[in-house]
Amino acid sequence: MACVLEAPLRMSVLSEVTASSRHYVDRLFDLDPQKVLQGVIDMKNAVIGNNKQKANLIVLGAVPRLLYLLQQETSSTELRTECAVVLGSLAMGTENNVKSLLDCHIIPALLQGLLSPDLKFIEACLRCLRTIFISPVTPEDLLYTDATVISHLMALLSRSRYTQEYICQIFSHCCKLQHWHSCGFKSLPQPLLCANGPDHQTILFNHGAVQNIAHLLVSTSYKVRMQALKCFSVLAFENPQVSMTLVNVSVDGELLPQIFVKMLQRDKPIEMQLTSAKCLTSMCRAGAIRTDDSCIVLKTLPCLVRMCSKERLLEERVEGAETLAYLIETDVELQRIASITDHLIVMLADYFKYPSSVSAITDIKRLDHDLKHAHELRQAAFKLYASLGANDEDIRKKIIETENMMDRIVNGLSESSIKVRLAAVRCLHSLSRSVQQLRTSFQDHAVWKPLMKVLQNAPNEILVVASSTLCNLLLEFSPSKEPILESGAIELLCSLTQSENLALRVNGIWALMNMAFQAEQKIKSDILRGLSTEQLFQLLSDSDVNVLMKTLGLLRNLLSTRPHIDHIMSTHGKQIMQAVTLILEGEHNIEVKEQTLCILANIADGTTAKELIMTNDDILQKIKYYMSHSNAKLQLAAMFCISNLIWNEEEGSQERQDKLRDMGIVDILHKLSQSSDPNLCDKAKTALQQYLA
């Protein structure tokens, strides 16, 4: 029975609610303009802080009528302004409210309103636009559909402190990068205006954003200063053009970097300190400020470390750690300085204990918020640890010795949040560069197990970093190499080499190369079987030189130690010789050809395998050609082939020597024995001695 009653009951409640809201909408259609105005004012008062009322009015069709009144030339300025205020209030509700407003084409109507001569109306339109654009559901590109809009907004900046505040806020939200420090801290602009049109930063820069906004940094209004600062932090991010310009701009005789440094001071509000630190960080990373400049070392870096202390709010600690991770990501000296500033490495351990049972948070709302966002702290800590440990062995040791660090990383690898998983893998990758840690902590905690699990089913951005880490765990001195092999890694890595993602192809083949180094014959055979000849050829004809070099490196590692060389060449000889010919004939750089000749030298070191070279006149002619090449590296690699073919103590050496003499190889060796290059000279003399012995 309950099911039958439920629907009518809900309907009756809804009809009561909507009935109480309907009279607000009905009054918008009154013929008396004064009554319409009063109706809009009453509606404004009814919706303030009342999300239910906002939703009802939208359902009842208030938005199209309000927009109609806002755009009517016959409407009084007061009515149009009040309509903009109500629309702004509706936009402050839920994301669904914003979607409804966008569906009614509110943005073109408000942008049109900016052409009015009335300042109060303009400010109301801008306030509403600001509210709509800061919503995550609003596409930023809507600001850029008409080329005249940006220049008009720039012109409106001078009208009042409200136009300044709202326009700067609109710009900073509509100059979106995908995410501050998304994958590896690299960010890309959002979809561009057209296939190859300029991105948001460039459009704003070309419309004079820097010059128009710079003087707002010294405004008497704190809100204006803050929004201008936020605007610069977004404009400068990963943008050398903007950053180089900012360095040389001065306001009231003071350069912008000096103004930013003043805003970093401890007596300034935290959001101002953080945002100016972001500006200076972006300028430093873009090369506009040196990493050893005092404004970075003595001001920006310490400010960001301060933001990581537990006295700060959760979001401040997250932003502080992420920005610091980005600042020091590529600079060893900054990594060292940060690691010894305010016990940062230990301080970051608190990020994993938050909120603790003895938390000082008494505000229940705040506690609820922080519990929902605690994963962001873990993500930020992993990112900062990854940057800190990127280069220095001592720092890595300190990080790993921080309480329960390896357990925290292992737990991070299986968290539900994709961002935490990615940051944990990054951290692991950074620490896996340490030979010492690979032999100790990584083994003690069997890190390879959760890593292999991550590799089974993860999005590409995690796969790229996880597979890079696996490359390090497969180095010959790593104790994890054996168990990784036993857990089916070959199949997994062979499948990565077929990925459309370039980084995954490189990492797959790189890991196989490391796996094949000094490996048993069975492992080498398994790799060749897993890859298949067809895939090997595919990789050797890959357009990316990294893939090609790593594939050649893999072949070189497979073809090492005589029994292995002979065994592999007996099963795959024809295909490998074909591949070698293909590369030596192709348009490749010196390194690629050198690596290929080294593979031939390895084949020439086999007992039976060398016959595949001796019976292939085409290959012999190529070796002869590279012996006389202008590049010494290629000459040397070709000489290794010859030395291995003519070595006296091996069966059949006399016949091989005779054949090569007939080809003119001895004459070339005599020439090379006079070479000014000591390596070539010695190698040629050693080879000639084989003929004399």
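Worth saying up front: this structure is predicted, and the values here are computed from it rather than measured.
Closest of all the heavy-atom pairs between L156 and T163 is O-OG1, 2.9 Å. Taking both residues in full, the closest heavy atoms of L314 and L377 are given as CD1-CD1, 3.9 Å, listed atom of the first, atom of the second, then distance. Among all heavy-atom pairs drawn from I328 and S387, the shortest one is CG1-CB, 3.8 Å. Nearest heavy-atom pair across M272 and L229 is O-CD2, 3.6 Å. The shortest heavy-atom contact between A84 and C128 is O-CB, 3.9 Å.
When only modelled atom types and interatomic distance are considered, E123 and S160 share a side-chain donor-acceptor pair under 3.5 Å.
To the nearest 0.5 Å, atom CD1 of residue I107 and atom CG of residue L101 are 9.5 Å apart. Note that the OG1 atom of T300 and the CD1 atom of I289 stand 7.0 Å from one another [nearest 0.5 Å]. Atoms NZ and CG, on K383 and L324 in that order, are 12.5 Å from each other to the nearest 0.5 Å. Between T220 atom OG1 and R225 atom CZ the span is 8.0 Å, to the nearest 0.5 Å.
Counting only residues at least two apart or in different chains, salt bridge (Lys or Arg N to Asp or Glu O under 4.0 Å) contacts with residues 84-113 are absent. For residues 159-171, no residue pair satisfies the salt bridge (Lys or Arg N to Asp or Glu O under 4.0 Å) rule, not counting sequence neighbours.
Geometric assessment of R317 against the ring of Y351 yields a positive cation-pi assignment under the 6.0 Å and 45° thresholds. The cationic atom of R426 (NZ for Lys, CZ for Arg) does not lie both less than 6.0 Å from the six-membered ring centre of F382 and within 45° of the ring axis.
Classified by interplanar angle (parallel below 30°, tilted 30° to 60°, perpendicular above 60°), the ring pair F232/F260 is perpendicular.
Aromatic pair F171/Y166: ring centres not closer than 6.0 Å.
Listed by chain and residue number, nothing satisfies the ring-ring contact (aromatic ring centres under 6.0 Å, His included) test with F205 (two or more places apart in sequence, or in another chain).
Although no hydrogens or angles enter the test, the distance criterion places a donor-acceptor pair under 3.5 Å between the side chain of S75 and the main chain of L69. When atom types are taken as modelled, the side chain of S100 and the backbone of N96 share a donor-acceptor pair closer than 3.5 angstrom. The backbone N or O of L90 sits less than 3.5 Å from a side-chain atom of N97, completing a donor-acceptor pair.
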